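Working notes, structure below.
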Number of protein chains: 4
Amino acid sequence: MVYRRTKKVDQRLESRLQAIMQAAREEFARNGFYGTSIKDIARRAGVAVGTIYLYLRNKEALFAALVNEAYEMVLERIAQARKKAVGGREKLKASMEAALEVLQEHRDLARVMLVQSPAGHPAVSEQLYDLLRRLARLVEEDVREEMERGALPPQDARLASLAFVGTFYQVVMGWLKDGYPTDLTAAGKDLIAYNLRGLGYPPEGEEEDG
Amino acid sequence: MVYRRTKKVDQRLESRLQAIMQAAREEFARNGFYGTSIKDIARRAGVAVGTIYLYLRNKEALFAALVNEAYEMVLERIAQARKKAVGGREKLKASMEAALEVLQEHRDLARVMLVQSPAGHPAVSEQLYDLLRRLARLVEEDVREEMERGALPPQDARLASLAFVGTFYQVVMGWLKDGYPTDLTAAGKDLIAYNLRGLGYPPEGEEEDG
Amino acid sequence: MVYRRTKKVDQRLESRLQAIMQAAREEFARNGFYGTSIKDIARRAGVAVGTIYLYLRNKEALFAALVNEAYEMVLERIAQARKKAVGGREKLKASMEAALEVLQEHRDLARVMLVQSPAGHPAVSEQLYDLLRRLARLVEEDVREEMERGALPPQDARLASLAFVGTFYQVVMGWLKDGYPTDLTAAGKDLIAYNLRGLGYPPEGEEEDG
Amino acid sequence: MVYRRTKKVDQRLESRLQAIMQAAREEFARNGFYGTSIKDIARRAGVAVGTIYLYLRNKEALFAALVNEAYEMVLERIAQARKKAVGGREKLKASMEAALEVLQEHRDLARVMLVQSPAGHPAVSEQLYDLLRRLARLVEEDVREEMERGALPPQDARLASLAFVGTFYQVVMGWLKDGYPTDLTAAGKDLIAYNLRGLGYPPEGEEEDG
DNA sequence: GATGAATGAGCCTTCATTCAT
DNA sequence: GATGAATGAAGGCTCATTCAT
């Protein structure tokens, strides 16, 4: 027995998987689920078709892995950001800032998830919307909390949270498809302000901190 | 009288086309572009496969026609509404009310366009986003106008318009996928208020109309 | 509506199906289930690959249809022959004569069933053995009847029926693979005699009819 | 002493090969040639895929080795049995008894050979039939001998030998597939009697030994 | 010798599109 | 105009075999 799971071998394996994932990210990002063939991905990854199946069960699983990667990344980053924030208002801000940050850092992944996943594959297409749904629920909680505190006027919290999330979604799409805004995180500031006003916070934020 | 395209013939042709379009709407709405075969559509339309190709160049064109139908419908309804409205604020309100109204009336079409088109086919997937882009541009114009008038504070009008449109997009998606809000046009009121506040209109709208 | 299910069209369809079945018979007979590709069959049938799928659900179904064809044919022929025969002994003779006759008439089908089906496909492979089992059961019934009548000495009827059927199976295989016997039905006479003796009928058959 | 192929090394090699063969026997017996992958066999043998190729040229060779193993085993056992037997009749009995005995002792091998090999692989599928052919030839010799001696009536010896072998084949199949007869060697007695009668030996065996 | 990751030819099947009827 | 049988390119996936470690 000579061939063994050495560190070097493990690294090669890991880097192979990464090459495949990266190739898939690029291809799916550009051409969508149905517009991308396994052969395309293999070619780009510099790997034989069969090799892909050593790492991923099938095409759908590969796509799902990518979408899930983005999903987890966004949620985790938001969770971290929220831990540090205190109060509904700060949590709202922190959440959205964090989300924009991750997406900005992983543009291809963002494309796969936001642009390509919707009709990607029945089994996967729900995931994007599920993410948005979860984000909306976070927002909703914060909004309710603030309503109870009297910091926000009574309103349909669920509807407001949809609106809130929608502004971010649309701006990210603009960034992905039209290149506007150029800097996603910079735009985030304005966006947050827009939504805080929309929710009914008094302008200038004077009441909260005062 | 040798052969004249009579009214009756024309009507039959037209109704055939409509049957095909309707069947396509339903199938695409449910199963997406790749999940729907021409055969499926033909079967539902009560027509032979070949017949579809007498009316539409190919599958893509059929899908595009549907998306375009929604596209035109929404834009036209908005244009009409805007004609009657006076002033940026009213135009914004009128635009979005109109948009929600059409979508509410044509749920299948809305599904095709909003849910299925995004990754439907490279050539078509752009159209939804193009519509959103155009809506955003309308909003942007109104916002600029209001900014110039001093009715709105200075801001990144393009970004704001994305946010504005995003709220509607997300709420429509909620309606389509989760059934919330139940009544789209009813929710429109709150949504418009949210956005007017977000844009920076003073609360209660007392200064503008007074 | 012009294209209609005319007799001519129907005939073409039927002949297409027959061409495919025939091509499949020949290919499967020669190369077995796994050694035959759909492409092979299509080529031999002078038909496009996709056409085959218009007539048969899939490769397995095509193979199964062939095996079933042979199966039914053999059983039906035997059933007819048995109707005319009176008495266990005559029925035994008639059954086996009939079986040999059909096989002789349909050599390719016999090859598919006897030679290729056994490991053809899990779902189909049982069918040959099932046929042999059914034949054995027919024989067994006759043997029991004759035992009760006292025309045959007491014995393990089930075992005897296996032996009985086995002789025919092996001879058919010899005919298919070695070309011996040359004439299957001619050999049938000797074979029947062999088995009647084996079962314990007195030689010359003098007691029964006398 | 630089490097010597020690007994221990040899044993390890031999046992590896045996492990592979055994795993192959079990897998092929259960799932047939095409239903068994090299990986399946490697896994069951507790060996790496590549290792198999150190011992066997390829999958076909592995299958062939198995079938051949059965082949040789049966023939050798028969040869031994025949050595001790005197006279055609005794040789016939001894041959078949021996055959049933080996098969009963090696059920998996029997399955591979009788059930799975027929359509296993073109190159291998012949082997089973070849064995049956050789058995038939042995029988044929004995029958001719007995015909010349006058112990058996004139008949088509080749055909009779096929019948003879066929009875055994079918009974073994019954044992393998339906579990009937339960005890193969016990059933052998009846089977031999059936065939001796079939060949034309007078009942009770009174003339021969008398 | 032993390992198992890598390869890629080849297979079955689907389905948009065409065209003889 | 209308039909639907026919086409065949294209795609996902498997698995026997190889070879660097």
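Naming convention: chains lettered A, B, ... in sequence-line order (proteins, then strands); numbering from 1 in each chain. As the structure is a computational prediction, the values presented were derived from the model and not from experiment.
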Q: Would you mind reading off the distance between C:Asp10 atom CG and E:dT21 atom C1', rounded to a whole angstrom?
A: 13 Å
Extract from the structure each pairing of a protein N or O with an N or O of nucleotides 8-11 of chain E at less than 3.5 Å, listing the distance.
{"from": "E:dG8", "atom 1": "N7", "to": "A:Gly50", "atom 2": "N", "distance (Å)": "3.3"}

(Q) With a 4.0 Å limit, can you tell me whether C:Arg12 has a side-chain N or O closer than that to the phosphate oxygens OP1/OP2 of F:dA5? (A) no
Q. When you measure from the side chain of B:Asn68 to the backbone N and O of B:Tyr71, does any donor-acceptor pair fall under 3.5 Å?
A. no
Q: For residues B:Val67 and B:Gln127, report the shortest heavy-atom separation together with the two atoms involved.
A: CG1-CB, 3.7 Å
Q.
Both A:Arg57 and C:Tyr55 contact DNA chain F. Taking the nearest nucleotide for each, which residue is further toward the 5' end?
A. C:Tyr55
Q.
Closest-nucleotide mapping onto DNA chain E: is C:Asn58 or B:Tyr53 further toward the 5' terminus? I mean the 5' end.
A. C:Asn58
Q.
How many whole angstroms separate atom OH of A:Tyr34 from atom P of F:dA9?
A. 24 Å
**Q.** Spacing between A:Leu62 atom CG and F:dC13 atom P, to the nearest angstrom
**A.** 10 Å
Q: Looking only at side-chain atoms of C:Leu54, point me to the closest of E:dA2, F:dT7, F:dT3.
A: F:dT7
Q. Are any of B:Arg16's side-chain N or O atoms less than 4.0 Å away from OP1 or OP2 of F:dG1?
A. no
(Q) As an exercise, state the distance from CG of C:Leu66 to CD of C:Glu26, rounded to the nearest 0.5 Å. (A) 10.5 Å
Q: Considering non-hydrogen atoms only, spot the tightest contact between C:Glu27 and C:Asp40 and give its length.
A: OE1-CB, 3.9 Å
Q.
Could you tell me how far apart B:Phe63 (CZ) and E:dA16 (P) are, to the nearest whole angstrom?
A. 13 Å
Q: Please state how far atom CD1 in B:Ile41 lies from atom C1' in F:dG4, giving the value in whole angstrom units.
A: 16 Å
(Q) Just to be sure I follow the notation: if a pair is Watson-Crick (purine N1 to pyrimidine N3 plus N6-O4 or O6-N4) or a G-U wobble (N1-O2 and O6-N3), each under 3.5 Å, what dot-bracket string does DNA chain F give, with | for pairs to another strand? (A) .||||||||||||||||||||
Q: Round to a whole Å and report the spacing from CD of A:Gln11 to P of F:dA20.
A: 21 Å
Q | D:Lys39: side chain to side chain contact (heavy atoms under 4.5 Å, CB included) partners, not counting sequence neighbours | A | D:Ser37, D:Arg43, D:Val49
Q: Would you confirm whether A:Lys177, through its side chain, and A:Val115, through its main-chain N or O, come within 3.5 Å as a donor-acceptor pair?
A: no
Q: Determine the interplanar angle of the D:Phe33 and D:Phe28 rings, folded into 0 to 90°, and report it as parallel if under 30°, tilted if 30 to 60°, perpendicular if over 60°.
A: parallel
Q: Take atom CG of B:Leu56 and atom C1' of E:dA16, then tell me their distance rounded to the nearest Å.
A: 13 Å
Q | Between F:dA2 (C1') and B:Ile52 (CD1): distance, integer Å | A | 12 Å
Q: Would you mind telling me which of C:Arg12, C:Gln18, C:Gln11 makes a side-chain hydrogen bond (donor to acceptor under 3.5 Å, both in side chains) with C:Glu14?
A: C:Gln18
Q. Near A:Arg44 CZ, under 6.0 Å, is it more than 12 heavy atoms from other residues, nucleotides or ligands?
A. yes
